[in-house]
S.K.: 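Got a structure for you, questions after.
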Amino acid sequence: MLRDLIKWALPVLLLSACGKELSVDSTDPGYSGNGGGGSTNGGLLTKVVAASSIDTSTTEYTYDVNKRLIKETYLSTSGSLGGMQASYEFRIYRNSAGIITKYTYLTSELAGSGLDSLVYEARYNSANARYTAIVSYAYETGFDPEVYDSTVFVYNTGGKITKSDTYVNAFGTFEKISSNDFTYDASGNLGTNTQAVDNGTGVVPFMKLGFSYDGKKAAITLPYLDAVALNNLSYSNSQNVLKTNITVYSGGAPQSFEVASTYKYNSNNQPSSANLVSQNGIQTATYFYK
């Protein structure tokens with residue numbers, strides 16, 4: 001479950017993943033209005049600065065010589081990220097063929113809980129040219145790493161992930177604690193994500209996210225298999241989210257709400273700025289490229 005929380009807390013990364021301003025920690029896009037523009041019109045996103053009435057955050061992206069994402073860092077001035085850590089470093093490791101072998105997550109909050117880092121190993125099947133699972137390890141000072149959880153993937157005949165199941169290590173026995181079902185739109189963007197979590201009696205529906213897009217070039221788009229390896233399919237979106245429809249099933253009758261987005265674009269048809277509006281307020285974002 002920890003990996004899912006971290007993944008959905010990543011700020012403004014694609015403006016389609018999820019974000020801190022939503023109480024359900026589910027989705028980041030949601031803006032309405034106009035904002036100032038970023039500094040360049042190049043294709044590689046290097047930085048996003050997001051501001052609200054209570055917080056300013058900066059997310060920076062680093063690439064290798066082949067323009068592949070290898071690091072993301074985040075810093076918030078508020079001291080809180082949806083009740084979680086206010087800063088992190090997310091580092092991606094690849095082999096000589098460019099295949100992602102692992103990624104690490106480091107933050108001061110982990111140190112406060114006695115952990116050095118969280119490490120995620122991507123299991124790649126070269127015969128099928130696809131990732132089959134992500135296994136996470138918790139590194140505690142003075143102890144050997146311990147397997148924390150494992151997420152396994154189910155593909156359709158077109159090579160797209162339709163389902164992922166996550167199992168947690170419960171004293172040596174792996175128990176299923178969550179699942180995600182995915183659909184895609186005609187452009188290959190993530191269309192819906194239906195999440196289920198363990199409520200103590202079994203894995204039951206928790207939330208459904210539905211996305212619509214603007215038809216413009218996304219601020220950042222990773223190859224689909226990279227998105228699979230990083231266990232965040234929204235990384236592969238080729239367009240920017242305009243609306244996110246969210247239905248929450250936990251806690252009685254389903255509750256639905258919408259997050260809306262508008263953007264200004266640079267000459268490369270990528271966002272230069274955005275205003276995001278949700279039930280928790282307004283946030284503006286500025287994008288920088290190279």
Side-chain angles (χ1 to χ4, degrees), residues 1-11 13-14 17-18 20 25 59-64 66 68-76 81-126 129-153 161 164-180 197-198 220 222-236:
M1 192 64 170
L2 180 57
R3 170 164 56 236
D4 292 331
L5 290 174
I6 291 170
K7 175 180 67 177
W8 293 118
L10 296 179
L13 177 59
L14 304 175
C18 301
K20 60 187 178 182
D25 288 328
T59 308
E60 295 186 340
Y61 307 90
T62 304
Y63 304 84
D64 65 14
N66 295 308
R68 297 176 299 209
L69 184 67
I70 56 172
K71 187 171 71 171
E72 173 192 332
T73 57
Y74 173 88
L75 178 64
S76 168
L81 175 58
M84 299 175 66
Q85 60 285 336
S87 65
Y88 65 74
E89 179 182 287
F90 185 67
R91 189 180 292 269
I92 301 166
Y93 297 84
R94 301 173 184 268
N95 64 18
S96 59
I99 301 300
I100 293 174
T101 57
K102 69 178 181 179
Y103 51 99
T104 58
Y105 177 82
L106 299 94
T107 175
S108 58
E109 287 293 309
L110 288 176
S113 61
L115 297 177
D116 294 325
S117 63
L118 298 176
V119 177
Y120 305 92
E121 291 187 355
R123 302 292 172 84
Y124 184 76
N125 185 322
S126 56
R130 61 179 54 170
Y131 295 94
T132 59
I134 306 295
V135 178
S136 73
Y137 297 83
Y139 282 76
E140 186 174 357
T141 303
F143 293 90
D144 292 332
E146 179 182 356
V147 175
Y148 181 79
D149 65 17
S150 178
T151 298
V152 297
F153 303 120
I161 297 289
S164 67
D165 293 315
T166 297
Y167 300 83
V168 69
N169 183 3
F171 304 103
T173 300
F174 281 87
E175 299 178 356
K176 184 176 177 179
I177 59 165
S178 67
S179 67
N180 288 268
V197 298
D198 188 359
I220 181 171
L222 302 188
Y224 183 77
L225 283 181
D226 280 12
V228 173
L230 299 174
N231 203 13
N232 190 338
L233 296 181
S234 61
Y235 275 106
S236 67

S.K.: What are the two closest non-hydrogen atoms of I161 and F153, and how far apart are they?
M.R.: CD1-CB, 3.2 Å
S.K.: Are S136 and L118 side-chain neighbours, meaning at least one heavy-atom pair lies under 4.5 Å?
M.R.: no
S.K.: Ring pair (Phe, Tyr, Trp, His ring centres under 6.0 Å) with Y103: which of F90, Y93, Y88?
M.R.: F90
S.K.: For Y74 versus T59, what's the shortest heavy-atom pair and its separation?
M.R.: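 Reported closest heavy-atom pair: CD1-OG1, 3.2 Å.
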S.K.: Could you list the residues that satisfy side-chain contact (heavy atoms from CB on, under 4.5 Å) with E60, not counting sequence neighbours?
M.R.: K47, T58, T73
S.K.: For R130, enumerate each residue passing the salt bridge (charged side-chain N to carboxylate O under 4.0 Å, His left out) test, keeping only those at least two apart in sequence or located in another chain.
M.R.: none
S.K.: Once rounded to the nearest 0.5 Å, what's the spacing between atom CG of D165 and atom OG1 of T151?
M.R.: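 It comes to 8.5 Å.
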S.K.: Just jot down the side-chain hydrogen bond (donor to acceptor under 3.5 Å, both in side chains) partners of R68, sequence neighbours excluded, or say none.
M.R.: D64
S.K.: Write out all pairs satisfying salt bridge (charged side-chain N to carboxylate O under 4.0 Å, His left out) with one or both partners inside residues 92-101, taking only residues at least two apart or from two chains.
M.R.: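 Of all non-adjacent pairs touching residues 92-101, those that pass salt bridge (charged side-chain N to carboxylate O under 4.0 Å, His left out) are R94-D226.
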S.K.: Taking the ring of Y120 and the ring of Y105, is the distance between their centroids below 6.0 Å?
M.R.: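 Ring centres of Y120 and Y105 not closer than 6.0 Å.
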S.K.: Among all residues two or more places apart in sequence or in another chain, which pass the side-chain contact (heavy atoms from CB on, under 4.5 Å) test with A97?
M.R.: N95, I99
S.K.: Checking Y124 now: which residues fulfil ring-ring contact (aromatic ring centres under 6.0 Å, His included) with it, not counting sequence neighbours?
M.R.: Y131
S.K.: Rounded at 0.5 Å granularity, tell me how far CG in L230 sits from CD1 in I134.
M.R.: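 The CG atom of L230 sits 7.5 Å away from the CD1 atom of I134.
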S.K.: Any side-chain heavy atom of K176 sitting closer than 4.5 Å to one from D198?
M.R.: no
S.K.: What distance do Y137 atom OH and K102 atom NZ have between them, rounded to the nearest 0.5 Å?
M.R.: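 NZ of K102 is found 11.0 Å from OH of Y137.
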S.K.: Evaluate the side chain to side chain contact (heavy atoms under 4.5 Å, CB included) criterion for residues I177 and V197: first the C-alpha distance (whole Å), next the side-chain angles of each, then the deciding distance (0.1 Å), finally the verdict.
M.R.: CA-CA 6 Å; I177 59 165; V197 298; over 6 Å; no
S.K.: How far does CG of N180 sit from CG of L233, to the nearest 0.5 angstrom?
M.R.: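 Here the rounded value is 8.5 Å.
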S.K.: Work out which heavy atom in I100 is nearest to a heavy atom in A122; give both atom names and the distance.
M.R.: O-CB, 3.5 Å
S.K.: Taking atom NZ of K71 and atom CZ of R91, what is their separation to the nearest 0.5 Å?
M.R.: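 Reported to 0.5 Å precision, the distance equals 4.5 Å.
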S.K.: Could you walk me through whether F174 and D149 pass the side chain to side chain contact (heavy atoms under 4.5 Å, CB included) test, one step at a time?
M.R.: CA-CA 8 Å; F174 281 87; D149 65 17; 5.5 Å; no
